[in-house]
Amino acid sequence: MQPLRIALAQTAPQLGALEANLERHRALLAEARAGGAGLVVFPELGLTGYLLQDLAAEVAMRLDDPRLATLAAETVGLSAVVSFVEESADHRLFIAAALLEDGAVHHVHRKVFLPTYGLFDERRFFAAGSLIRAVPSRLGVGVGLAVCEDFWHLAVPQLLALDGAQVLINVSSSPGRDVAAINEFGLGTATSWRTLMRAYAQMTTSYVVFVNRVGVDESISFWGGSEVIGPAGDTRFGAPLYDEGLYLVDVDLADLRRERIATPLLRDERPEIVLRQLERIVRERAGEVRDTTAEPGAEPGLDVAPAAGSAPLVRR
Amino acid sequence: MSAPLYELPEELRIDTAIARRITGEFIRGQLRQAGFERVVLGLSGGVDSALVAYLVTEAIGAEHLLCVLLPYASSSAASRSDAEEVVRRLGCASRLVTITAMVDAYFGAGAGEGALGADGPEATALRRGNFMARMRMAVLYDLSVVWGGLVAGTGNKTESLIGYTTLYGDNACAFNPIGDLYKSQVRQVAEAVGVPETIIVKAPSADLWPGQTDESEVGFSYADVDRLLYWMIDQRRSEEELAAKGFAPAFIERVARMVAGAEYKRQVPPIAKIGPRTAGLDYLYPRRRPGSARRSG
């Protein structure tokens with residue numbers, strides 16, 4: 001047995017109110033500690049709210065910000081994931097998730113994939129991170145952090161698992177939309193996310209911890225539904241939609257070893273093959289080399305040539 | 001099984017429990033961010049405003065809601081009694097403000113001239129209807145000060161998309177909980193929250209003249225246009241794809257033109273860009289942020 005009690009802080013941050021949100025984080029950290037939690041996870045931009053626009057620069061913190069240090073100081077004997085706007089030394093603003101452990105900032109993940117489509121406009125206001133890496137933790141397992149849209153790209157959970165993560169943590173501010181009766185959970189967004197989480201847990205034989213905020217920013221309601229999925233893709237816990245709360249979930253980290261021995265998918269991964277194919281595909285898509293798998297006349301990134309008789313899109 | 005109260009195209013059917021959860025969070029969130037605890041809305045006797053009254057009551061309690069009945073002389077008696085029934089069932093505060101004197105003071109009544117002068121009585125029904133909608137808006141915003149509440153919008157997605165609204169009239173509000181629900185979905189949620197059946201099933205009407213109904217005025221049914229808009233807007237189908245689904249090309253073309261022609265009604269008016277930072281262009285803040293809520297008290 002390697003028991004771990006995870007606290008899912010499904011909070012409703014106040015937009016732009018850094019001090020109030022810091023206070024809320026401190027209170028929930030204390031509550032989680034009193035409840036025996038070893039890992040406390042807060043949602044994406046839980047310290048600032050999501051729909052910041054030009055407010056992003058006003059609530060940004062450097063990693064040496066004393067307010068962050070004060071919050072980290074509350075994690076002695078604990079691991080916590082918190083999220084905020086990080087300002088780098090060269091004044092880029094990132095959506096960051098930090099792993100705080102034993103009183104210090106242990107690791108920071110900068111959101112790599114910034115959705116800028118549909119109702120999202122993140123790339124306008126934020127810089128994109130460029131590192132995807134797992135880190136060791138005081139929990140005795142590797143931890144991989146990702147922020148919301150990062151998990152809509154297949155490579156992210158795979159890279160984190162290959163880099164040594166056994167617990168994949170995604171913190172989100174996912175706006176609820178597509179309320180249709182035909183969806184499995186009545187809400188299209190929830191149905192999609194649940195599918196992804198189960199697939200990632202099963203395919204990486206890892207625990208997946210998903211914490212999504214609740215509450216409202218402007219037009220957008222966030223749907224919560226935070227989850228813990230076991231390394232066989234089995235749901236260990238699902239928080240209710242839209243309800244704010246601190247949810248405690250007990251897991252046995254020894255299940256990781258059992259699952260990875262029974263289903264050694266990670267052992268059988270062939271990252272060198274993936275790497276070689278990716279190198280080839282990247283060069284072919286860039287048009288640097290001829291696409292070896294495409295029909296003659298196909299555009300880069302497409303294997304199929306234009307139908308006979310139609311004019312080529314680009315004359316070379 | 002009893003016959004359904006209204007026609008609900010299957011693809012428009014929503015999970016009403018989740019929709020109510022979202023509107024509840026939305027209403028409470030809007031009020032909290034603005035520093036208000038109360039809501040005022042114009043209650044017409046139709047299903048849209050009745051549903052908003054029920055949703056506001058569900059979100060913050062009837063004691064925080066003021067419904068204002070705003071009839072003109074020619075408004076139907078049935079509308080008024082339906083609105084009164086909603087007030088009675090919810091147990092919320094209500095006020096009756098007859099707008100006849102305000103409207104007649106402008107256009108004139110009978111042989112008497114109004115502020116507009118001799119051509120007032122010749123005003124078209126469209127002008128009179130728009131003016132009435134804007135008088136109602138003026139009353140609601142005035143009473144919002146007395147009541148200390150925000151004005152809740154009661155327009156639905158269908159009428160917004162086709163432009164069947166009056167700019168700065170019935171579409172004026174602080175926030176709108178049902179603006180992303182098609183008319184068919186408004187009825188579905190209204191049924192779920194317990195809006196009286198008579199209100200759900202009666203023919204929607206702007207009630208600008210006796211016997212007027214929305215559907216006879218625009219020439220198509222809500223069920224049909226809701227389906228078309230759903231596939232056209234939400235599901236991004238091309239005109240060819242819509243025709244292949246069985247929608248008549250003339251219907252598609254007409255509705256597409258209505259939607260495009262009403263774009264301006266759904267947006268904040270443009271400001272001529274001159275300075276370094278311009279609201280809506282490169283000065284982009286949330287509507288509500290720290291410091292923007294009114295002082296309580």
Side-chain angles (χ1 to χ4, degrees), chain A residues 10 12-22 45 47-59 117-119 121-122 124-126 174-191 213-225 240-244, chain B residues 8-35 59 153 157 173-182 184-185 188-189 192 230 233-236 266 276-293:
Chain A
Q10 187 166 293
Q14 295 181 43
L15 188 58
L18 186 56
E19 290 303 328
N21 294 323
L22 279 163
L45 293 178
L47 287 171
T48 63
Y50 176 73
L51 213 65
L52 293 162
Q53 299 181 290
D54 285 351
L55 273 179
E58 297 169 35
V59 298
Y117 59 82
L119 55 70
D121 204 12
E122 293 184 11
R124 178 185 169 90
F125 299 101
F126 295 104
S174 169
R177 52 207 189 281
D178 190 14
V179 179
I182 55 167
N183 292 317
E184 192 178 348
F185 300 98
L187 182 66
T189 333
T191 304
R213 65 165 285 188
V214 291
V216 181
D217 284 356
E218 309 284 280
S219 289
I220 300 171
S221 304
F222 301 89
W223 54 277
L241 303 191
Y242 298 104
D243 287 339
E244 184 166 11
Chain B
L8 175 64
E10 196 49 41
E11 59 268 54
L12 295 184
R13 186 180 297 280
I14 57 174
D15 186 316
T16 55
I18 290 183
R20 288 162 72 179
R21 196 66 209 267
I22 290 174
T23 55
E25 296 290 343
F26 175 77
I27 291 164
R28 286 189 294 273
Q30 293 294 322
L31 291 172
R32 188 175 53 245
Q33 288 181 337
K157 185 172 184 170
C173 62
F175 62 85
N176 182 343
I178 65 163
D180 204 22
L181 292 176
Y182 288 109
S184 312
Q185 296 169 328
Q188 194 200 348
V189 180
Y230 172 79
I233 308 286
D234 294 285
Q235 300 302 329
R236 302 171 192 255
R266 294 185 286 273
R277 274 187 104 187
T278 309
L281 289 176
D282 41 24
Y283 174 86
L284 299 172
Y285 278 90
R287 292 169 59 89
R288 304 293 183 184
R289 57 180 167 117
S292 72

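Below, chain A is the first sequence line, B the second, and so on; all start at residue 1. Note that the structure is a prediction, hence the values are computed from the model and not measured.
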Most heavy-atom pairs under 4.5 Å with chain B, out of Leu51(A), Val179(A), Asp54(A), belong to Asp54(A)
Could you report the tightest heavy-atom contact between Phe26(B) and Phe175(B), atom names first, then the distance? CE2-CD1, 3.7 Å
Structural part of Leu52(A) lying under 4.5 Å from a heavy atom of chain B: backbone
Begin from the C-alpha positions of Leu181(B) and Lys157(B) and carry the test side chain to side chain contact (heavy atoms under 4.5 Å, CB included) through to its verdict. CA-CA 5 Å; Leu181(B) 292 176; Lys157(B) 185 172 184 170; 5.6 Å; no
Chain B contact via Phe222(A) - side chain, backbone, both or neither, heavy atoms under 4.5 Å: neither
Measure Arg287(B) against the heavy atoms of chain A and call it side chain, backbone, both or neither at under 4.5 Å. both
Side chains of Ile22(B) and Trp223(A), heavy atoms from C-beta outward: is any pair under 4.5 Å? no
Distance-only donor-acceptor check, side chains Glu218(A) and Tyr50(A), under 3.5 Å: no
Straight-line distance of Leu18(A) CG to Leu55(A) CG, nearest 0.5 Å: 11.0 Å
Quick check: are there more than 12 heavy atoms from other residues, nucleotides or ligands sitting under 6.0 Å from CZ of Arg236(B)? no
Please classify the contact of Glu25(B) with chain A as side chain, backbone, both or neither, using a heavy-atom distance under 4.5 Å. both
Bottom line for Asp121(A): the part with an atom under 4.5 Å from chain B's heavy atoms is neither
Looking at Arg21(B), Arg288(B), Glu10(B), which makes the most heavy-atom pairs under 4.5 Å with chain A? Arg21(B)
Give the minimum heavy-atom separation between Val216(A) and Gln33(B), together with the two atoms involved. O-NE2, 3.4 Å
Side chain, backbone, both or neither: which part of Gln14(A) has a heavy atom under 4.5 Å from chain B? neither
Looking at Gln185(B), Arg32(B), Arg13(B), which has the largest count of heavy-atom pairs under 4.5 Å with chain A? Arg13(B)
